[in-house]
Number of protein chains: 2
Amino acid sequence: MSAEMQKELQEYLAELKHRVKKRGLKHSQQREQILRVLYHANKHLTPEEIYHEVKKSSSTIGLATVYRTLAFLEEEQMVTSISFGSEGKKYELNTGEHHDHMICLECGKIMEFFDERIEKLQEEIAQKSGFKLLAHEMNLYGLCSECQQKA
Amino acid sequence: MSAEMQKELQEYLAELKHRVKKRGLKHSQQREQILRVLYHANKHLTPEEIYHEVKKSSSTIGLATVYRTLAFLEEEQMVTSISFGSEGKKYELNTGEHHDHMICLECGKIMEFFDERIEKLQEEIAQKSGFKLLAHEMNLYGLCSECQQKA
DNA sequence: TTATGTGCAAACTCTTTGCATTACC
DNA sequence: GGTAATGCAAAGAGTTTGCACATAA
């Protein structure tokens with residue numbers, strides 16, 4: 001792990017401790033391990049996947065703890081979730097940069113993108129209907145370039 | 001029900017029979033009832049809600065049949081589904097007009113909209129990444145005008 | 001010390017499947 | 001008459017909860 005990443009990870013961990021303390025809770029190894037896994041994954045993970053990853057790093061953990069921690073992290077907006085099709089929810093670390101998703105229906109790969117123009121249009125549409133926009137999600141479904149070639 | 005609606009509903013039912021036949025299957029009262037309920041609801045319904053609606057109209061039906069029928073109708077693209085938050089999937093009749101959704105986080109109301117400019121931008125973004133766009137969904141979350149006043 | 005966090009197992013919810021029976025063609 | 005569709009009940013998958021024990025402050 002580069003020094004840069006090392007530092008970044010420490011910042012996330014510090015943020016976690018801060019938020020835990022702010023809510024009068026206690027720090028725990030499990031919450032920290034889950035955050036580490038999400039940081040290193042750098043992609044969307046299911047609760048089950050997170051559970052196995054944490055176990056690999058020789059830490060003891062239960063699935064219930066993963067669910068509880070993800071609920072906490074999502075409330076604190078430190079992670080975001082996405083769900084599509086019949087697959088369950090998947091989680092990723094909230095890096096603070098909003099983005100949308102392109103999802104390959106063949107291999108399940110999730111790519112991220114951001115387009116300022118669309119964001120503006122969404123605001124405009126909401127405003128027209130007197131709707132107070134708090135969040136949004138946009139998912140594009142199709143075939144990634146690799147899967148198109150295979151087909 | 002107006003003559004106009006009567007006619008429209010008949011068209012959907014004819015389409016259903018056509019698609020059932022095309023797949024070498026048999027027509028059934030239950031599939032027809034489910035389509036009727038979706039037509040009259042004119043909004044998103046959960047499988048459970050559809051089940052209860054059909055029962056009201058003095059038809060006998062099981063939840064399993066609702067799930068099986070919805071799967072069939074979705075494959076045939078006669079209905080579309082949407083899922084958000086922890087709530088399960090909701091279904092609506094596919095009227096052939098693509099649209100996106102604004103979802104009120106307070107009362108759960110779902111409003112539909114369509115914006116040609118956003119559609120174009122989505123195409124453009126996909127193209128840039130060599131992604132073959134097959135479908136998309138865009139959900140705006142927030143507070144509808146009524147719920148803003150209440151708060 | 002004492003309240004919170006955890007792991008485990010049981011409970012729950014939503015959805016799917018197996019099977020005997022019914023309905024369609 | 002033969003095949004597909006249905007209802008019911010049981011099975012699955014994913015998630016949540018209760019509880020005794022472990023752990024952080």
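What's counted below: heavy atoms across the whole structure, side chains too, no hydrogens, waters or symmetry copies. First the proteins, then the strands, lettered A, B, ... as listed; each starts at 1.
- E146(A) and K109(A) are joined by a salt bridge, as a carboxylate oxygen and a charged side-chain nitrogen come within less than 4.0 angstrom of each other.
- A salt bridge links R117(B) with E124(A); the closest basic N to acidic carboxylate O contact falls under 4.0 Å.
- Per the geometry, CD belonging to Q33(A) stands 11 Å off P belonging to dG7(C), to the nearest Å.
- Listed pair T60(B) / dG7(D) meets the phosphate criterion, a side-chain N or O lying under 4.0 Å from OP1 or OP2.
- A salt bridge links K56(B) with E53(B): at least one charged nitrogen is closer than 4.0 Å to a carboxylate oxygen.
- The shortest distance between the side-chain N/O atoms of Q30(A) and the OP1/OP2 oxygens of dG7(C) is below 4.0 Å.
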With a 3.5 Å cut-off and sequence neighbours excluded, list the donor-acceptor pairs that the side chains of residues 125-138 of chain A form with protein atoms.
{"unit_1": "S129(A)", "atom_1": "OG", "unit_2": "I125(A)", "atom_2": "O", "d": "3.3"}
{"unit_1": "H136(A)", "atom_1": "ND1", "unit_2": "Q122(A)", "atom_2": "OE1", "d": "3.2"}
{"unit_1": "H136(A)", "atom_1": "NE2", "unit_2": "H98(A)", "atom_2": "NE2", "d": "2.9"}
{"unit_1": "H136(A)", "atom_1": "NE2", "unit_2": "E119(A)", "atom_2": "OE2", "d": "3.4"}
{"unit_1": "H136(A)", "atom_1": "NE2", "unit_2": "Q122(A)", "atom_2": "OE1", "d": "3.1"}
{"unit_1": "E137(A)", "atom_1": "OE2", "unit_2": "N139(B)", "atom_2": "ND2", "d": "3.2"}
{"unit_1": "E137(A)", "atom_1": "OE2", "unit_2": "Y141(B)", "atom_2": "OH", "d": "2.4"}

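- Considering only side-chain N and O atoms, T65(B) lies nowhere under 4.0 angstrom from the phosphate OP1 or OP2 of dA5(D).
- Of the residues near DNA chain C, A64(B) and I61(A), the one whose nearest nucleotide (by heavy atom distance) lies more toward the 5' end is I61(A).
- To the nearest angstrom, P of dA23(C) lies 16 Å from CD of E32(B).
- Tested against H27(B) for a side-chain hydrogen bond (donor to acceptor under 3.5 Å, both in side chains), the candidates E32(B), K21(B), K17(B) yield a single pass: E32(B).
- Here dG14(D) presents its C1' atom at 15 Å from NZ of K90(A), a figure rounded to the nearest Å.
- As judged by a 4.0 angstrom heavy-atom cut-off over every strand, Q29(B) is placed among residues touching the sugar-phosphate backbone only.
- Atom CG of L70(B) is separated from atom C1' of dA5(D) by 15 Å (rounded to the nearest Å).
- Listed pair Y67(A) / dT15(D) meets the phosphate criterion, a side-chain N or O lying under 4.0 Å from OP1 or OP2.
- A straight line from CD of E49(B) to C1' of dC14(C) spans 14 Å, rounded to a whole angstrom.
- Checking dT15(C), dG7(C), dC25(C) against every side-chain atom of K89(B), the shortest atom distance belongs to dT15(C).
- Atom CZ in R68(A) sits about 11 Å away from atom P in dC8(C), given to the nearest Å.
- The 5' end of DNA chain D is approached more closely, in terms of each residue's nearest nucleotide, by G24(B) than by the other of L63(B) and G24(B).
- Taking side-chain N and O atoms only, S28(A) has no distance below 4.0 Å to OP1 or OP2 of dT4(C).
- Residue T46(A) has no polar side-chain atom (N or O) positioned under 4.0 Å from OP1 or OP2 of dG14(D).
- Of the listed nucleotides (dA5(D), dT6(D), dG18(D)), dA5(D) has the atom at the smallest distance from the side chain of L25(B).
- Side-chain N/O atoms of R31(A) include one lying less than 4.0 angstrom from OP1 or OP2 on dG5(C).
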